[in-house]
Amino acid sequence: MTYANLARSALRSSLPVLLGLSLAMAAPTARAQGPAAGDSIDSIVMASTTSTEQSGLFGFLLPKLTAATGVQVKVVAVGTGQALDLARRGDADILLVHDPQTEQKFVDEGHGIQRREVMYNDFVIIGPKQDPAKIAGAKSTTEALGRIAAASAPFVSRGDKSGTHSAELRLWQAANVKPPASGSGWYEESGSGMGATLNIASAKGAYTMSDRGTWLNFKNRGGLAILMEGDPVLFNQYAVILTNPQKHPHVKQGAARKVAEWLISGDGQKTIADFKLNGEPLFFPNAGKQ
């Protein structure tokens, strides 16, 4: 299945509706307004994932966002779990993350407000081209993971409570596989971002799971290749969430709201769609299409 077909299939699939918003935003589809002449540039902290940074998205998107909104965004790129922890402490004004189940818990607990979907891509299973576990012929991701476990083929996990790591753990569970403790067998946790994890997999000739955007921008592929893709369970949704000002009155809610509004606006969505590598889109905007 091609990636374009995956995108269409994923949008048609009956994905669980995870949105249970605690507060409503006035005019959520309003177009972000650019800064007036003489306006000063405000600055906020966005906690986001390594995938959005290492794919190159922020380098392309942020200058356009600042020009449109007058808000300068300082990105802290960590795993989604760490990003949510930053916001829980009030150390981030806004989040752009990709772990819907954990995000919904974060909102339900009152730490965040106004979770809205922004864009998606997919996860892929990467492995050595020789494919010792023979996963390329598997009919599903869970079957592929079962083959890796049965062959005791080396697998490198991020192991960092990121959105990618959380999705991987759910897939192992669906495959009825409990990986061994890190370093005690075929399974190893890097405790690092996606780029570092791919580097380890490349050096060791191991399997791993990556978001497609980071993989496409990854240069040190060595003997690695995509061996499993196109399964709807590999769908990867990104959402924007504001830190709740009732929990942390010091957060810059107004500026963060401008950023969120721009990301889901027509201009923001077009900018995301325009971000490509060698002519291939890395993210697909889907604000308002839930």
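A centroid separation of 6.0 Å or more is found between the aromatic rings of F155 and Y207.
The closest donor-acceptor contact from the side chain of K219 to the backbone of N217 lies under 3.5 Å. Judged by distance alone, with hydrogens and angles left aside, the side-chain atoms of T142 form no donor-acceptor pair with the main-chain N or O of A174 at under 3.5 Å. Q54 contributes a side-chain N or O that, together with a main-chain N or O of G195, makes up a donor-acceptor pair within less than 3.5 Å. Proximity of a side-chain donor or acceptor of D93 to a complementary backbone N or O of V45 within less than 3.5 Å is detected. Judged by distance alone, the side chain of S55 and the main-chain N or O of T52 form a donor-acceptor pair under 3.5 Å. Proximity of a side-chain donor or acceptor of H248 to a complementary backbone N or O of R88 within less than 3.5 Å is detected. Side chain of Q269 to backbone of V118: a donor-acceptor contact under 3.5 angstrom is found.
With a 4.5 Å cut-off on side-chain heavy atoms, S202 and R221 do not count as touching. Side-chain contact between K204 and P154 is absent, with no heavy atoms from C-beta onward closer than 4.5 Å. Using a 4.5 Å heavy-atom threshold, the side chains of V124 and L234 count as separate. Considering only heavy atoms from C-beta on, Q253 comes within 4.5 Å of I113 through its side chain. Looking at E103 and I241, their side chains come closer than 4.5 Å, going by heavy atoms from C-beta outward. Counting only heavy atoms from C-beta outward, the side chains of V78 and T50 never approach each other to under 4.5 Å. Contact annotation: the side chain of E117 never approaches that of V240 to less than 4.5 Å [non-hydrogen atoms, C-beta and beyond]. Put simply, the side chain of L198 reaches to within 4.5 Å of the side chain of T214, judged on heavy atoms.
For the atom pair F123 CZ and M194 CE, the distance stands at 9.5 Å (nearest 0.5 Å). Here the CD1-CD distance, from I264 to Q114, works out to 9.5 Å after rounding to the nearest 0.5 Å. Annotation: the span from L145 atom CG to I148 atom CD1 amounts to 5.5 Å, rounded to 0.5 Å. With rounding to the nearest 0.5 Å, the separation of CG in L171 from CD1 in I125 is 7.0 Å. Atom CD1 of I94 sits about 5.0 Å away from atom CD1 of I44, to the nearest 0.5 Å.
Residues passing the ring-ring contact (aromatic ring centres under 6.0 Å, His included) test with F58, sequence neighbours excluded: none. Considering only residues two or more places apart in sequence or on other chains, S210 meets the side chain to side chain donor-acceptor pair (under 3.5 Å) condition with none of them. Scored by the ring-ring contact (aromatic ring centres under 6.0 Å, His included) test, Y238 finds H98, F283 as partners (sequence neighbours excluded).
Of all heavy-atom pairs spanning A225 and K129, the tightest one is CB-CG, 3.8 Å.
The existence of a salt bridge linking R257 and E261 is excluded, since no basic side-chain nitrogen approaches an acidic carboxylate oxygen closer than 4.0 Å. Salt-bridge formation is not detected for the pair D85/R89: no Lys NZ or Arg NE/NH1/NH2 atom is positioned less than 4.0 Å from an Asp or Glu carboxylate oxygen. Taking the charged nitrogens against the carboxylate oxygens, D122 and R212 do have a contact shorter than 4.0 Å, which makes a salt bridge. Salt-bridge formation is detected for the pair D99/R170: a Lys NZ or Arg NE/NH1/NH2 atom is positioned less than 4.0 Å from an Asp or Glu carboxylate oxygen.
Judged purely by distance below 3.5 Å, without hydrogens or angles, the side chains of D160 and S162 pair a donor atom with an acceptor atom. T141 and D231 form a side-chain donor-acceptor contact under 3.5 Å, judged by distance and modelled atom types alone.
A 6.0 Å sphere centred on CD of Q173 holds no more than 12 heavy atoms belonging to other residues, nucleotides or ligands.
Taking the six-membered ring where the residue is Trp, Y187 and W172 present perpendicular rings, their angle passing 60° and hence far from 30°.
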**OP:** Would you please test N236 and D211 for side-chain hydrogen bond (donor to acceptor under 3.5 Å, both in side chains) and show each step?
**Re:** CA-CA 8 Å; N236 182 28; D211 67 284; 5.5 Å; no
